[in-house]
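Labels below follow one simple rule: chain letters A, B, ... track the order of the sequence lines, proteins then strands, and each chain is numbered from 1. Atom set for the values below is all heavy atoms of this structure, side chains included, hydrogens, waters and symmetry mates excluded.
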Protein chains: 2
Amino acid sequence: MSRTPLHPTREQIELPMVLDCLSDPIRLAIVYQLAQQERVSSELRCGDFNGLSGKSNLAYHFAKLRECGLMQTRVAGTNRFMRLRREDMDARFPGLLDAVIKSAAKDADRLQLMAGCEVVEAD
Amino acid sequence: MSRTPLHPTREQIELPMVLDCLSDPIRLAIVYQLAQQERVSSELRCGDFNGLSGKSNLAYHFAKLRECGLMQTRVAGTNRFMRLRREDMDARFPGLLDAVIKSAAKDADRLQLMAGCEVVEAD
DNA sequence: CCCTATGTTCAATGTTTATTGAACAATTGA
DNA sequence: TCAATTGTTCAATAAACATTGAACATAGGG
């Protein structure tokens, strides 16, 4: 309850909060991976990011991403699916999200953007 | 000396540091005013921002803006002139600075972007 | 040479932040 | 019903941050 108060409407989304959210390497990686996925499924499970940090730390970052308006969560059974609020962001700050994602892509190696990506387990 | 160690080369400029810099309302206002000025003189005196905060707090923010690669300072007598490192930013992260500035312009009233602008003194 | 103006540096303060592990809640499947 | 899975909440910690005022440095004008 202390971590779920906000969830801004489109108009309530604030530029400084969005930039601050994107300035954290873990959150930037989350947003980046969601953006990559956008053409395919537009959603990822929380667990898909486990490579980036511990679960409780990720929950903290997810909350921040939701509070600033970048992400939305859909509950499905014991899973949560996250997606970018792409339309709201583009309406509110045209070109911003794309510019950030392209900038991140340029530095994909420097930033460890794909650290959390599907590790294939050899059973 | 403790406050002037970095001054990244173009290649050393890091996306998270830039976004973090821009996420602070005072620094965003500084960058915004410099961007507005760009067509005219491309430079502003430190003192032109005195409306945004106290001098020592501004010096702190100026240092951050320099350290992340967004700004450059030119000393001229007892004054310091600041300008955006526009070419470096555009080369490094194409479209990013413009997207941020346009986004800030959209919210110019909400963010207090022009708070530090030339107050005309009577007398 | 002093006095003023301009900025920076430093130390101190209180706030916010990221990170950790343990506890908790909810759902699923045996 | 029991156990396993998924993810959130909570408390604690250390680090980073923004802000303030005082001290300092430098340059320029009388």
*Asks:* Any idea which of C:dT8, D:dT8, D:dG7 is nearest the A:Asn79 side chain?
*Replies:* D:dG7
*Asks:* Counting only N and O atoms by type, is there a donor-acceptor contact under 3.5 Å from the side chain of A:Gln33 to the main-chain atoms of A:Leu113?
*Replies:* yes
*Asks:* Any chance you could measure A:His61, atom NE2, to A:Ser56, atom OG, to the nearest 0.5 Å?
*Replies:*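 Reported value, rounded in 0.5 Å steps: 9.5 Å.
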*Asks:* Could you please name the option among D:dT8, C:dT8, D:dC17 that lies closest to any side-chain atom of A:Ala59?
*Replies:*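 Looking only at heavy atoms from C-beta outward on A:Ala59, the closest nucleotide is D:dT8.
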*Asks:* Rounded to the nearest Å, what distance is computed from the CG atom of residue A:Leu19 to the P atom of nucleotide D:dC17?
*Replies:* 16 Å
*Asks:* Could you give the CE-to-C1' distance, from A:Met82 to D:dT8, as a whole number of Å?
*Replies:* 12 Å
*Asks:* Given atom CZ of A:Phe49 and atom P of D:dT6, what is their separation to the nearest angstrom?
*Replies:* 15 Å
*Asks:* Of the nucleotides C:dT8, D:dG7, D:dC17, which one has an atom closest to the side chain of B:Arg66?
*Replies:* C:dT8
*Asks:* What's the NZ-C1' distance between B:Lys64 and C:dT8, to the nearest Å?
*Replies:*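 That distance rounds to 17 Å.
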*Asks:* Please report, rounded to the nearest Å, how far the P atom of C:dT6 is from the CZ atom of B:Arg80.
*Replies:*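 Atom-to-atom, B:Arg80 to C:dT6, this comes out as 13 Å.
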*Asks:* Can you give one letter per nucleotide of nucleotides 19-30 of chain D, 5' to 3': B if a protein heavy atom sits under 4.0 Å from the base, S if only from the sugar-phosphate, - if neither?
*Replies:* BBBB----SS--
*Asks:* Hey, can you pull the donor-acceptor pairs under 3.5 Å for the side chains in residues 17-24 of chain B, sequence neighbours left out?
*Replies:*
residue	atom	partner	partner atom	Å
B:Ser23	OG	B:Asp20	O	2.7
B:Asp24	OD1	B:Ile26	N	2.9
B:Asp24	OD1	B:Arg27	N	3.2

*Asks:* D:dG7 P sits how many Å from A:Asp48 CG, rounded?
*Replies:*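 Distance, rounded to whole Å: 8 Å.
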*Asks:* Of all residues at least two apart in sequence or in a different chain, which pass the side-chain hydrogen bond (donor to acceptor under 3.5 Å, both in side chains) check with B:Gln36?
*Replies:* none
*Asks:* How long is the line joining NZ of A:Lys55 and C1' of C:dT19, in whole Å?
*Replies:* 16 Å
*Asks:* Could you give the CG-to-C1' distance, from B:Asn50 to C:dT6, as a whole number of Å?
*Replies:*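 So the CG-C1' distance, B:Asn50 to C:dT6, works out to 9 Å.
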*Asks:* Cut-off 3.5 Å, no hydrogens considered: what does the side-chain donor-acceptor table look like for residues 91-101 of chain A, sequence neighbours left out?
*Replies:*
residue	atom	partner	partner atom	Å
A:Arg92	NE	A:Arg10	O	3.3
A:Arg92	NE	A:Ile13	O	3.3
A:Arg92	NH1	B:Asp107	OD1	3.1
A:Arg92	NH2	A:Ile13	O	3.0
A:Arg92	NH2	B:Asp107	OD2	2.7
A:Asp98	OD1	A:Arg86	NH1	3.0

*Asks:* On DNA chain C, nearest-nucleotide positions of A:Arg27 versus B:Phe62: which is more 5'?
*Replies:*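 It is B:Phe62 whose nearest nucleotide is closer to the 5' end.
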*Asks:* With sequence neighbours left out, what residues match A:Phe62 under ring-ring contact (aromatic ring centres under 6.0 Å, His included)?
*Replies:* A:Phe49
*Asks:* Once side-chain hydrogen bond (donor to acceptor under 3.5 Å, both in side chains) is applied, do any residues pair with A:Arg74, and if so which ones, sequence neighbours excluded?
*Replies:* A:Glu43
